[in-house]
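The block underneath contains the structure these notes are about, expressed in structure tokens.
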Amino acid sequence: MDYPLQTPQQLAGHLRALRRASGLSQKEIGERIGVGQSRITRIERDPLLVNFQQLQDYLNALGVQLVLRTPDALERPVLPPSVAATPRPSTEEPW
């Protein structure tokens, strides 16, 4: 599921929604990334004050990727790097 961000303030709600959907408590996320529950509370309240690495750690603990997508990407499927890099067989006849 995508959680589009139009404004920085939406990030707080998205972080809480992602954590709740994962079934993890603030304490459990904190333990996974090596911070206390109170730090997770502050991250979820105002994620703009957190450094990028801590935000990345939080998302990784939830199994969530941060993806930057251009508007034209909605028109074409997104392939994982391993699939996108796989050479496709030629459709031309060998003769």
ask   = Is there a side chain to side chain contact (heavy atoms under 4.5 Å, CB included) between Ile40 and Tyr58 once you walk through the steps?
value = CA-CA 9 Å; Ile40 298 301; Tyr58 181 103; 4.0 Å; yes

Validation: residues 46-54 side-chain donor-acceptor distances under 3.5 Å, sequence neighbours left out:
residue: Asp46; atom: OD1; partner: Leu48; partner atom: N; Å: 3.4
residue: Asn51; atom: OD1; partner: Gln53; partner atom: N; Å: 3.0
residue: Asn51; atom: OD1; partner: Gln54; partner atom: N; Å: 2.7
residue: Gln53; atom: NE2; partner: Asp57; partner atom: OD1; Å: 2.9
residue: Gln54; atom: OE1; partner: Arg39; partner atom: NE; Å: 3.0
residue: Gln54; atom: OE1; partner: Arg39; partner atom: NH2; Å: 2.8

Pairs where residues 6-23 contributes a residue and the test salt bridge (charged side-chain N to carboxylate O under 4.0 Å, His left out) is met, not counting sequence neighbours = Arg19-Glu44

Using residues 27-36 as the side-chain source, report each donor-acceptor pair under 3.5 Å to any protein atom, sequence neighbours left out, with the distance given to one decimal.
residue: Glu28; atom: OE1; partner: Ser25; partner atom: N; Å: 2.7
residue: Glu28; atom: OE1; partner: Ser25; partner atom: OG; Å: 3.3
residue: Arg32; atom: NH1; partner: Ala61; partner atom: O; Å: 2.9

query = Hey, are the side chains of Leu59 and Leu15 touching, using non-hydrogen atoms and a 4.5 Å cut-off?
reply = yes

task = Would you please name every residue forming a side chain to side chain contact (heavy atoms under 4.5 Å, CB included) with Gln65, sequence neighbours left out?
result = Val67

inquiry  = Under the ring-ring contact (aromatic ring centres under 6.0 Å, His included) definition, can you give me all pairs with a residue in residues 12-45, not counting sequence neighbours?
reply    = Tyr3-His14

